[in-house]
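Here is the structure we will look at, set down as structure tokens.
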Amino acid sequence: MKKKYDILLCDLDAFFASVEQLDCPQLIGKPIIVGGNPEGRGVVATCSYEARKFGVRSAMPVKKALQLCPEALLLPGNMARYKEVSEQVREIFERFTPDIEFVSIDEAYLSVTQGTGYDLGKAIHFVVRKELHLPISVGVSENKLLAKIACELAKPDNVGTLWPDQVPALLWPLPVKVIPGIGPATEKKLHSYGIKTVKDLAEYPEDTLRRLCGKHATSLHHYAHGIDNRKLEIAHDAKSISEEITFPEDTHDRKYIHAALHELSEGVGYRLRSEGLPARTISLKLRFKDFQTITRSKTLPQAIDGDSEIYLVVKTLFDLHCGKPPWRLVGVKASEFEHEEQISLLPLTPEEEKEKELLLTKDKLRKKYGKEVLFSATRLSKK
């Protein structure tokens, strides 16, 4: 007999804005927009619920968003900080189940034993609220589709369910756009044929729907009935650890690149040590003004996880393969992990002992206070 599961969709509400409010309590209760330059083609990455009351939405041009909500505070965002908090949320999820599909930095599906979904959803909501002080919405059902819709209906900051036997009463009266995959263009097309609610879509002849929507018709028809056979795409052990940065403006400055590589090396090194995964292959990723992207790697005779060791490799790779500036992106990647600690036959030199003690101290501080509590003086040259 096939084992059945409950599916949870956990979605951190207005994540970037919520982190900004967490780090700066003076922003709580105020309309916040996290996005790009309004004078350019910047778009809204996310916005607080206070800004959404004015009609501001994700992916909207920032210029339009500020017209709708002139008093909104525009923030450029801090992706390194958002990733850090996302990792903390991931650790909480993993306390409840190893079966997790991470959809994005702020959204994940979880698979749990059938019948435990709602209670575990409430528990996850409580722990994220208590430990991280972040709002999170959780939807619970038997499949990904209904869990996603349940989560949307539960927003903001709540836990909700939508079971298959509730589809006619709860799902069918909703507008057709509630079905994932139905964007503005598809919604407009369906409206032109009188399909305005999920019930309309469910009762529309599938053959006729196929002439309107092509190959997606069958999926849409199944979704309207609450049917979704997609499995969770569970993340397996990482094959690599990497970090990269796209510069606000293309740069000709080698020292700027060196400083960025140093900071990225510290990030990769910290993650390697946290996972206990020293790596033998270190790679440099480099993108030029014309978007040409190259990757250069070096495989070492012994696995490493030290910040300075990683930096020395990628700096050398950059100096050898930097080509003609300007540059727009650099990245650092570590791979070919050694899962078992290698025993050195040679004693550490005084310099190596000092470096090891320094890394242990830095890692303890970062684990307790976050990655941004320490940074190298090379970052000052970046600024």
Side-chain angles (χ1 to χ4, degrees), residues 8-39 42-93 95-96 102-108 110 120-140 148 150-160 248 365-375 383:
L8 282 62
L9 189 277
C10 301
D11 189 359
L12 292 151
D13 296 322
F15 180 50
F16 297 171
S18 296
V19 174
E20 297 290 350
Q21 290 174 326
L22 176 68
D23 292 345
C24 184
Q26 296 92 326
L27 298 176
I28 295 173
K30 296 181 180 179
I32 298 170
I33 295 173
V34 178
N37 185 354
E39 301 305 319
V43 298
V44 176
T46 193
C47 59
S48 65
Y49 279 89
E50 292 81 5
R52 297 183 189 193
K53 294 176 182 177
F54 293 85
V56 179
R57 294 289 182 269
S58 298
M60 175 183 288
V62 171
K63 189 172 183 178
K64 180 180 178 181
L66 290 174
Q67 291 172 348
L68 292 172
C69 186
E71 62 267 43
L73 300 171
L74 177 61
L75 303 175
N78 183 349
M79 188 55 66
R81 172 62 175 152
Y82 305 149
K83 288 180 179 178
E84 178 186 339
V85 177
S86 179
E87 286 295 323
Q88 294 170 348
V89 177
R90 175 193 287 249
E91 188 275 328
I92 291 175
F93 291 164
R95 297 179 203 173
F96 293 89
F102 291 95
V103 181
S104 64
I105 193 172
D106 60 353
E107 190 175 8
L110 282 64
L120 292 180
K122 294 287 284 186
I124 289 170
H125 181 272
F126 174 80
V127 174
V128 171
R129 263 301 194 180
K130 181 181 179 182
E131 295 187 11
L132 303 181
H133 310 289
L134 289 172
I136 183 171
S137 295
V138 182
V140 186
K148 171 76 170 175
C151 184
E152 291 299 317
L153 297 177
K155 286 181 177 289
D157 196 25
N158 216 327
V159 181
L365 288 170
R366 285 173 173 149
K367 187 172 183 179
K368 185 172 183 179
Y369 298 107
K371 294 179 185 177
E372 292 297 306
V373 70
L374 293 172
F375 61 85
K383 294 182 178 179

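In this structure, the side chains of E87 and K83 stay at 4.5 Å or more apart for every pair of heavy atoms. Considering only heavy atoms from C-beta on, P135 stays 4.5 Å or farther from P156 through its side chain. Looking at heavy atoms from C-beta onward, E71 lies out of side-chain contact with E50 at the 4.5 angstrom threshold.
The residues E91 and R95 are annotated as salt-bridged, a charged nitrogen and a carboxylate oxygen being separated by less than 4.0 angstrom. Electrostatic pairing of E20 and K30 does not count as a salt bridge here, judged by no charged N lying under 4.0 Å from a carboxylate O.
Taking both residues in full, the closest heavy atoms of I136 and H125 are given as O-CD2, 2.9 Å, listed atom of the first, atom of the second, then distance. Closest of all the heavy-atom pairs between Y82 and G77 is OH-CA, 3.2 Å. Considering all non-hydrogen atoms of both residues, E152 and D11 come closest at OE2-OD2, 4.2 Å. When all heavy atoms of A154 and G160 are compared, the closest pair comes out as CB-N, 3.7 Å. The minimum heavy-atom distance between V62 and V44, with the atom names listed, is CG2-N, 3.8 Å.
Here NZ of K63 is found 10.5 Å from CG of N37. Values are rounded to the nearest 0.5 Å. If you take CG on L110 and CZ on F96, they are separated by 9.5 Å, rounding to the nearest 0.5 Å. Note that the CG atom of L12 and the CG atom of L134 stand 6.5 Å from one another [nearest 0.5 Å]. Rounded to the nearest 0.5 Å, atoms CD1 (I32) and OG (S18) are 8.5 Å apart. The distance from the OH atom of Y49 to the CG atom of D157 is 8.5 Å, given to the nearest 0.5 Å. In this structure, the separation between CD1 on I92 and NZ on K130 is 11.0 Å, given to the nearest 0.5 Å.
At distances below 3.5 Å, not a single donor-acceptor pair connects side-chain atoms of R52 with backbone N or O atoms of R57. Remark: the backbone N or O of A17 is not paired with any side-chain donor or acceptor of S48 at under 3.5 angstrom.
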*Are L75 and L27 close enough, and set up right, to give a side chain to side chain contact (heavy atoms under 4.5 Å, CB included), and what steps lead you there?*
CA-CA 11 Å; L75 303 175; L27 298 176; 4.0 Å; yes
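By the side chain to side chain donor-acceptor pair (under 3.5 Å) test, Q21 pairs with no residue at all, sequence neighbours left out. The ring pair (Phe, Tyr, Trp, His ring centres under 6.0 Å) search around F15 returns none, not counting sequence neighbours. Considering only residues two or more places apart in sequence or on other chains, D13 meets the side chain to side chain donor-acceptor pair (under 3.5 Å) condition with S137, K155.
The residue from L73, T46, L68, L66 that alone fulfils the side-chain contact (heavy atoms from CB on, under 4.5 Å) condition with I33 is L66.
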